[in-house]
Amino acid sequence: MDRHHGDLISFEGIEGCGKSTQIKLAAEFLEKQGFQVVVTREPGATPMGREIRRLLLSPDFSPEAITELFLYLADRQEHVQKVIKPQLERGCLVLVDRYVDSTWVYQGYARNGDLNLITRLNKLVTGGLLPRRTFLLDCPPELGLQRARSRNLTDGSQGNEDRFEQLEIAFHQRVRDGFMQLAKEYPERFVILDGSREIQTIHLQISQALQELYVV
Ligand code: ADP
Ligand code: TYD
């Protein structure tokens, strides 16, 4: 296998499902196999994106639905042009924590947004760049939110919930359902994982899927 062939892999799921935990483990696994790996996330991976993230997650604002949609898309356009594409061109494996599917699910499916419009706008800001694989960590919202809360107690955010974590369980359940619907629509791209299992069990499944793609 060519270890200098760029590829994009995304990780999706509700808050607290374990995306950042699994991305870190996957990156370590791939680096050990000799790949150059870049870990990134949305929103907030570029200097402008960090400002956009601050606006989006601040409990001080409640943007209109379209305002919010355009902020996520603006962040993505900066991210694709300034980080993802250049790193793919350098031959890196780019692992991204949230990408186009989060917009489809959060701004579209869960909020009754215009799904066709979101699909077209996602295409516009990514130039049609889709991940080779998307790992969906599926878990009940109660579990994800409980994990996100205990993480916030230990990571310096002093237990403050951001604007999204304050939303009711029913919303997070819609988000969960939306991701499942997408995964069923694109079975060749998505790998569905049970996010309520042990960290190492999930990591083993992800590393096996990555091994099949890149190492064999
Ligand atoms: P996300 O990035 O999806 O919001 P994180 O990876 O930050 O989720 O995980 C949220 C919290 O739950 C962290 O404190 C993490 O250590 C913990 N965690 C992640 N995956 C698991 C798991 N499979 N079992 C138990 N705890 C987990
Ligand atoms: P993030 O820190 O990625 O969430 P977590 O680590 O808790 O999973 O916060 C990003 C928030 O933004 C999260 O609630 C999901 C939301 N989001 C959207 O609504 N649309 C999008 O397109 C993206 C990328 C994120």
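Please read these numbers as outputs of a predicted model, since none were measured by experiment.
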What pairs meet the salt bridge (Lys or Arg N to Asp or Glu O under 4.0 Å) rule with one or both residues in [range], with sequence neighbours excluded?
{"range": "residues 38-50", "result": "Glu42-Arg76"}
{"range": "residues 194-204", "result": "none"}
{"range": "residues 99-108", "result": "Asp101-Arg189"}

Are [X] and [Y] joined in one hydrophobic group, where the rule is that I, L, V, M, F, W and Y side chains link up if heavy atoms are under 4.5 Å apart?
{"X": "Leu213", "Y": "Leu30", "result": "yes"}
{"X": "Val96", "Y": "Leu88", "result": "yes"}
{"X": "Val175", "Y": "Leu115", "result": "yes"}
{"X": "Leu143", "Y": "Ile169", "result": "no"}
{"X": "Ile9", "Y": "Val39", "result": "yes"}

How about [X] and [Y]: do any of their side-chain heavy atoms sit closer than 4.5 Å?
{"X": "Asp114", "Y": "Asn116", "answer": "yes"}
{"X": "Ile84", "Y": "Leu8", "answer": "yes"}
{"X": "Thr126", "Y": "Val100", "answer": "yes"}
{"X": "Thr134", "Y": "Pro131", "answer": "yes"}
{"X": "Ile202", "Y": "Leu137", "answer": "yes"}
{"X": "Ile118", "Y": "Leu69", "answer": "yes"}

Salt bridge flag under 4.0 Å for residues Glu15 and Arg147 =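 Salt bridge between Glu15 and Arg147, a charged N being under 4.0 Å from a carboxylate O: no.
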So, Asp138 and Arg176, do they make that salt bridge, N to O below 4.0 Å?
->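 Arg176 and Asp138: salt-bridged.
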Starting at [atom1] of [X], measure out to [atom2] of [Y] and round the result to the nearest 0.5 Å.
{"X": "Thr103", "Y": "Leu121", "atom1": "OG1", "atom2": "CG", "result": "9.5 Å"}
{"X": "Tyr214", "Y": "Leu93", "atom1": "OH", "atom2": "CG", "result": "5.0 Å"}
{"X": "Leu55", "Y": "Glu68", "atom1": "CG", "atom2": "CD", "result": "11.5 Å"}
{"X": "Thr201", "Y": "His203", "atom1": "OG1", "atom2": "NE2", "result": "11.0 Å"}
{"X": "Ser207", "Y": "Glu212", "atom1": "OG", "atom2": "CD", "result": "10.5 Å"}
{"X": "Asp60", "Y": "Leu57", "atom1": "CG", "atom2": "CG", "result": "11.5 Å"}

Given Gln87 and Arg90, is the side-chain hydrogen bond (donor to acceptor under 3.5 Å, both in side chains) satisfied, shown in steps?
-> CA-CA 5 Å; Gln87 296 294 359; Arg90 286 181 54 227; 2.5 Å; yes
Counting N and O atoms only, with roles assigned by atom type, does the side chain of Ser58 sit under 3.5 Å from a partner on the main chain of Arg54, one being a donor and the other an acceptor?
->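 Checked: no pair found.
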So, Arg53 side chain and Gly44 main chain: donor-acceptor pair closer than 3.5 Å or not?
->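 It does not hold such a pair.
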Apart from Leu25 itself, what residues make up its hydrophobic cluster when side-chain heavy atoms of I, L, V, M, F, W and Y under 4.5 Å apart count as a link, directly or indirectly?
->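 Leu25 shares its hydrophobic cluster with Ile199.
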State, to 0.1 Å, how close [X] and [Y] come at their nearest heavy-atom pair, and which atoms those are.
{"X": "Val37", "Y": "Ala27", "value": "CG1-CB, 3.8 Å"}
{"X": "Thr40", "Y": "Ala45", "value": "OG1-CB, 3.2 Å"}
{"X": "Gly195", "Y": "Cys139", "value": "C-CB, 4.0 Å"}
{"X": "Phe190", "Y": "Leu136", "value": "CD2-CB, 4.0 Å"}
{"X": "Ala26", "Y": "Ile206", "value": "CB-CG2, 4.2 Å"}

For Lys82, all residues meeting salt bridge (Lys or Arg N to Asp or Glu O under 4.0 Å), sequence neighbours excluded =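 Per chain and number, Lys82 pairs via salt bridge (Lys or Arg N to Asp or Glu O under 4.0 Å) with Glu78.
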Residues that Asp97 engages under salt bridge (Lys or Arg N to Asp or Glu O under 4.0 Å), provided they are two or more places apart =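 Salt bridge (Lys or Arg N to Asp or Glu O under 4.0 Å) list for Asp97, sorted by chain: empty.
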Contacts of type side chain to side chain contact (heavy atoms under 4.5 Å, CB included), residue Leu71, not counting sequence neighbours |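 Only Ile52, Leu56, Thr67 meet the side chain to side chain contact (heavy atoms under 4.5 Å, CB included) criterion with Leu71.
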Apply ring pair (Phe, Tyr, Trp, His ring centres under 6.0 Å) to Phe11 and list each qualifying residue two or more places apart in sequence or on a separate chain.
->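 Phe135.
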How would you list, by chain and number, every residue that makes a ring pair (Phe, Tyr, Trp, His ring centres under 6.0 Å) with Tyr99, sequence neighbours excluded?
->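 So Tyr99 forms no ring pair (Phe, Tyr, Trp, His ring centres under 6.0 Å) with any residue.
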Qualifying side chain to side chain donor-acceptor pair (under 3.5 Å) pairs, either residue in residues 21-33, two or more places apart =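 The answer is none; no pair qualifies.
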Taking only residues two or more places apart in sequence or in another chain, which ones pass side chain to side chain donor-acceptor pair (under 3.5 Å) with Glu142?
->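 With sequence neighbours excluded, Glu142 shows a side chain to side chain donor-acceptor pair (under 3.5 Å) to no residue whatsoever.
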List in chain and number order the residues that pass side chain to side chain donor-acceptor pair (under 3.5 Å) with Ser102, two or more places apart in sequence or in another chain; answer none if no residue qualifies.
->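 Expected list: Glu12, Arg98.
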Compute whether any side-chain donor of one residue and acceptor of the other, for Gln173 and Asp177, lie under 3.5 angstrom apart.
->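 Yes.
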In terms of ring plane angle, is the pair Tyr106 and Phe171 parallel, tilted or perpendicular, where the classes change at 30° and 60°?
->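 The arrangement is tilted - the two ring planes meet at 30° to 60°.
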Answer yes or no: does atom CZ of Phe70 have more than 12 heavy-atom neighbours from other residues, nucleotides or ligands under 6.0 Å?
->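 Incorrect, the count does not exceed 12.
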